[in-house]
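Note that the structure is a prediction, hence the values are computed from the model and not measured.
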Amino acid sequence: MNGRNTDMGRNGGADYDDRDFGRTPDLNADAPGRRRTGRKRVCRYCADKALVIDYKDPQALKYFISERGKVVPRRISGNCARHQRKVTLSIKRARNIALLPFTVTA
């Protein structure tokens, strides 16, 4: 026809796409239909073999804890699966001997 949405579904043949009705445009999108992907983060422990994951070093482990006291996930921290397991275990051990808090009270 004329290239418009002529689906006779719920909206009775309206000329607009009802999925986009009321949405604000995404100003951060580079191109329509394309997702924005960040740079792949590299595991800091794989990159520097001299770094050791130690539960007795709370300053190094604070990087992997959010401000609410939760363990930061792999996709955000950039760790590989092997080192993320070691970091999580070290955080749990540090919490048990009171080097790190379980929760942060507001």
Side-chain angles (χ1 to χ4, degrees):
M1 298 213 179
N2 58 4
R4 291 187 175 149
N5 186 7
T6 58
D7 183 23
M8 298 296 285
R10 295 178 298 187
N11 56 9
D15 289 338
Y16 60 88
D17 191 3
D18 63 342
R19 290 175 291 165
D20 291 334
F21 183 73
R23 282 194 192 163
T24 58
D26 186 13
L27 301 176
N28 294 327
D30 293 336
R34 211 179 274 180
R35 283 194 174 172
R36 206 174 153 167
T37 58
R39 210 180 92 225
K40 178 90 169 94
R41 299 192 61 165
V42 180
C43 176
R44 65 166 46 176
Y45 296 105
C46 289
D48 187 9
K49 301 290 185 185
L51 286 177
V52 178
I53 302 170
D54 190 14
Y55 70 94
K56 293 172 277 188
D57 186 14
Q59 287 302 108
L61 295 176
K62 279 187 186 238
Y63 178 78
F64 300 105
I65 296 178
S66 69
E67 59 272 355
R68 300 207 47 194
K70 295 183 173 184
V71 178
V72 175
R74 267 185 66 201
R75 61 188 166 81
I76 296 173
S77 68
N79 287 338
C80 64
R82 177 182 176 197
H83 288 116
Q84 181 70 21
R85 285 192 298 269
K86 289 183 179 185
V87 164
T88 304
L89 183 65
S90 296
I91 289 172
K92 290 177 182 179
R93 286 180 177 167
R95 283 175 175 165
N96 279 330
I97 61 171
L99 293 176
L100 291 175
F102 280 95
T103 59
V104 178
T105 54

So which heavy atom on L61 is nearest to which on Y55, and how close? CD1-CA, 4.0 Å
Distance check, rounded to the nearest 0.5 Å: L100 atom CG versus K62 atom NZ? 6.5 Å
Could you report the tightest heavy-atom contact between R44 and L51, atom names first, then the distance? O-CD1, 3.8 Å
Flag the pair I91 / V87 as yes when at least one side-chain heavy-atom distance between them is below 4.5 Å, and no otherwise. yes
Got a sec, which pairs hit ring-ring contact (aromatic ring centres under 6.0 Å, His included) with one end in residues 86-105, sequence neighbours left out? none
Donor-acceptor pairs under 3.5 angstrom involving side-chain atoms of residues 68-86: please list them, not counting sequence neighbours.
unit_1, atom_1, unit_2, atom_2, d
R74, NE, N79, O, 3.2
S77, OG, P73, O, 3.3
S77, OG, N79, N, 3.4
S77, OG, Q84, OE1, 3.3
N79, ND2, Q84, OE1, 3.1
Q84, NE2, V72, O, 3.1

Which residues pass the side chain to side chain contact (heavy atoms under 4.5 Å, CB included) test with L89, sequence neighbours left out? R93
Answer yes if Y63 and I65 sit in the same cluster of Ile, Leu, Val, Met, Phe, Trp and Tyr residues linked by side chain heavy atoms under 4.5 Å apart, and no otherwise. yes
